[in-house]
Asker: 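First the structure, then my questions, so here it is.
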Amino acid sequence: MLTAITGGIGTGKSIVSRLLRVMGYDVYDCDLEAKRLMNEDAAVREALTAAFGSHIYNKEYGLDRKALAAVIFNDADALRQANAIIHPATLDDLRAWSRKRKSRCFFESAILWESGFNGQADEIWSVSAPLELRIERIRTRDHSTREQILARINSQMSQEEKDRRASHVILNDGEHSLITQVNNLLQLNNSHL
């Protein structure tokens, strides 16, 4: 069984992923693996270089993420072009990774529906948190302004829509136990296997 973990920025999906790893489950981080593929996969490197120029790679450090971001985040067509290169490669890598797993595993994706990765999931867990708590978490982590944080939040699918589309919602509000919620979902699914 392959379960997707999603949620907007600052909701705590990475905390849920870490908790699952501590519990002994394998978790594929789509964002981290996409970054790895942009550096290590020759076909991805070639396609990105052809699309955006050789300046986005540095011989010493590999992908210059700031140079790529400067191109794609100011141009919607460039962003679509980059996603058309990166998402299929990451999806193929996720499929290969999940085929090697003999037991239940998970993958984390912030842009689950936007990337089309939702089709790989047997079920979807959406991690949700109140807006002001999300803003405070991001401000503490990234030292961004409220305006910058709200722009990032508003650039993603709404949390309400993610929660509506998900199989289950995990509330990460600092009041409800994440461990209890995750254990309940694991037990619920084990009883249906």
Side-chain angles (χ1 to χ4, degrees), residues 2 4-18 20-21 26-101 105-121 124 127 134-135 137-159 161-162:
L2 183 60
I5 302 164
T6 195
I9 184 171
T11 58
K13 61 192 166 299
S14 295
I15 293 170
V16 171
S17 293
R18 279 194 294 266
L20 287 162
R21 285 185 187 100
D26 290 332
V27 182
Y28 182 98
D29 183 326
C30 290
D31 187 47
L32 188 66
E33 296 304 329
K35 290 173 186 168
R36 176 185 59 80
L37 290 167
M38 286 188 282
N39 272 314
E40 297 177 7
D41 186 285
V44 172
R45 280 181 74 126
E46 288 172 20
L48 288 172
T49 300
F52 305 112
S54 60
H55 74 282
I56 66 167
Y57 282 95
N58 176 309
K59 287 183 183 181
E60 189 175 343
Y61 303 109
L63 179 68
D64 182 341
R65 292 176 51 208
K66 286 184 180 178
L68 179 61
V71 173
I72 65 175
F73 289 121
N74 294 320
D75 181 338
D77 289 333
L79 178 59
R80 276 191 290 277
Q81 189 176 8
N83 286 341
I85 295 166
I86 299 162
H87 290 168
T90 307
L91 185 56
D92 288 345
D93 193 63
L94 170 62
R95 287 177 179 145
W97 176 87
S98 66
R99 279 193 298 269
K100 294 176 186 173
R101 303 298 174 285
C105 55
F106 297 82
F107 72 99
E108 177 185 332
S109 175
I111 54 171
L112 184 70
W113 289 277
E114 301 91 329
S115 65
F117 287 22
N118 59 300
Q120 299 305 302
I124 298 168
V127 183
R134 293 171 64 191
I135 291 169
R137 287 174 181 161
I138 300 163
R139 186 186 336 239
T140 301
R141 182 185 73 198
D142 299 347
H143 308 291
S144 301
T145 67
R146 181 179 180 84
E147 293 73 28
Q148 291 169 325
I149 294 166
L150 287 171
R152 289 168 68 188
I153 288 172
N154 292 331
S155 73
Q156 297 181 340
M157 177 186 289
S158 76
Q159 188 61 50
E161 182 66 13
K162 289 179 188 214

Asker: Step by step, would you call D142 with R152 a side-chain contact (heavy atoms from CB on, under 4.5 Å)?
Answerer: CA-CA 12 Å; D142 299 347; R152 289 168 68 188; 2.9 Å; yes

Asker: I need the minimum non-hydrogen distance between A34 and T90, along with the two atoms involved.
Answerer: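 Where A34 meets T90 most closely, the heavy atoms are CB-OG1, 3.5 Å.
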
Asker: List the atom of A110, the atom of T6, and the distance in Å for their closest heavy-atom pair.
Answerer: O-OG1, 3.6 Å

Asker: Can you see which heavy atom on I72 is nearest to which on A78, and at what distance?
Answerer: CG2-O, 3.7 Å

Asker: Within this structure, what is the CG-CD1 distance for the pair D41 and I86, rounded to the nearest 0.5 Å?
Answerer: 11.0 Å

Asker: Is the backbone of V127 close enough, under 3.5 Å, to the side chain of K13 for a donor and an acceptor to pair up by distance?
Answerer: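 Absent.
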
Asker: Quick check: does any side chain N or O of E40 sit under 3.5 Å from a backbone N or O of R45, one acting as donor and the other as acceptor?
Answerer: no

Asker: Determine whether H55 and V71 satisfy the following criterion, side-chain contact (heavy atoms from CB on, under 4.5 Å), listing intermediate values before the conclusion.
Answerer: CA-CA 11 Å; H55 74 282; V71 173; 4.2 Å; yes

Asker: Tell me, with the steps shown, if L20 and I5 meet side-chain contact (heavy atoms from CB on, under 4.5 Å).
Answerer: CA-CA 11 Å; L20 287 162; I5 302 164; 3.4 Å; yes

Asker: For the CG atom of N83 and the CD atom of Q81, what is their distance to the nearest 0.5 Å?
Answerer: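 One gets 10.5 Å once the value is rounded to the nearest 0.5 Å.
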
Asker: Would you indicate whether R65, at its atom CZ, is surrounded by more than 12 heavy atoms from other residues, nucleotides or ligands within a distance under 6.0 Å?
Answerer: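 Open.
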
Asker: State plainly whether the residues K100 and D26 are in salt-bridge range, i.e. N to O under 4.0 Å.
Answerer: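 Looking at D26 together with K100, the answer is no, because their closest N to O distance does not fall below 4.0 Å.
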
Asker: Please identify each residue that fulfils side chain to side chain donor-acceptor pair (under 3.5 Å) with S115, with sequence neighbours left out.
Answerer: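 Once residues adjacent in sequence are excluded, S115 has no partner under the side chain to side chain donor-acceptor pair (under 3.5 Å) criterion.
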
Asker: Please check if the side chain of T49 supplies one atom and the backbone of S54 the other of a donor-acceptor pair under 3.5 Å.
Answerer: no

Asker: Within the distance-only criterion (no hydrogens, no angle test), does the side chain of D29 pair as donor or acceptor with the backbone N or O of E108 below 3.5 angstrom?
Answerer: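 Such a contact is absent between D29 side chain and E108 backbone.
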
Asker: Quick one: pull up SG in C30 and CG in L37 and give me the separation to the nearest 0.5 Å.
Answerer: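 Answer for the SG-CG pair, C30 versus L37, is 10.0 Å.
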
Asker: Kindly determine whether K162 and W113 satisfy side-chain contact (heavy atoms from CB on, under 4.5 Å), including the steps that lead there.
Answerer: CA-CA 9 Å; K162 289 179 188 214; W113 289 277; 3.7 Å; yes

Asker: Using 30° and 60° as the class boundaries, would you call the ring planes of F117 and F107 parallel, tilted or perpendicular?
Answerer: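 Answer is tilted, since the angle falls between 30° and 60°.
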
Asker: Side chains of I153 and I135: does their closest heavy-atom pair fall under 4.5 Å?
Answerer: yes

Asker: Could you tell me if the side chain of M38 sits less than 4.5 Å from the side chain of Y57, heavy atoms only?
Answerer: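 Side-chain contact under 4.5 Å: yes.
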
Asker: Would you say the side-chain atoms of Q120 pair up with the backbone N or O of L94, donor to acceptor, closer than 3.5 Å?
Answerer: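 Absent.
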
Asker: Taking atom CG of N118 and atom CG of L112, what is their separation to the nearest 0.5 Å?
Answerer: 5.0 Å

Asker: Where do G10 and I138 come nearest, in terms of heavy atoms and distance?
Answerer: CA-CG1, 3.9 Å

Asker: Got a second to check how far I9's CD1 is from Q159's CD, nearest 0.5 Å?
Answerer: 11.5 Å

Asker: Is any side-chain heavy atom of I111 less than 4.5 Å from a side-chain heavy atom of H87?
Answerer: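 Yes. Closest side-chain heavy atoms under 4.5 Å.
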
Asker: To the nearest 0.5 Å, what is the distance between CG on L68 and NZ on K66?
Answerer: 13.5 Å

Asker: Donor-acceptor pair, distance only, cut-off 3.5 Å: does the side chain of Q156 make one with the backbone of G8?
Answerer: no

Asker: So which pairs with a foot in residues 26-53 pass ring pair (Phe, Tyr, Trp, His ring centres under 6.0 Å), sequence neighbours left out?
Answerer: Y28-W97

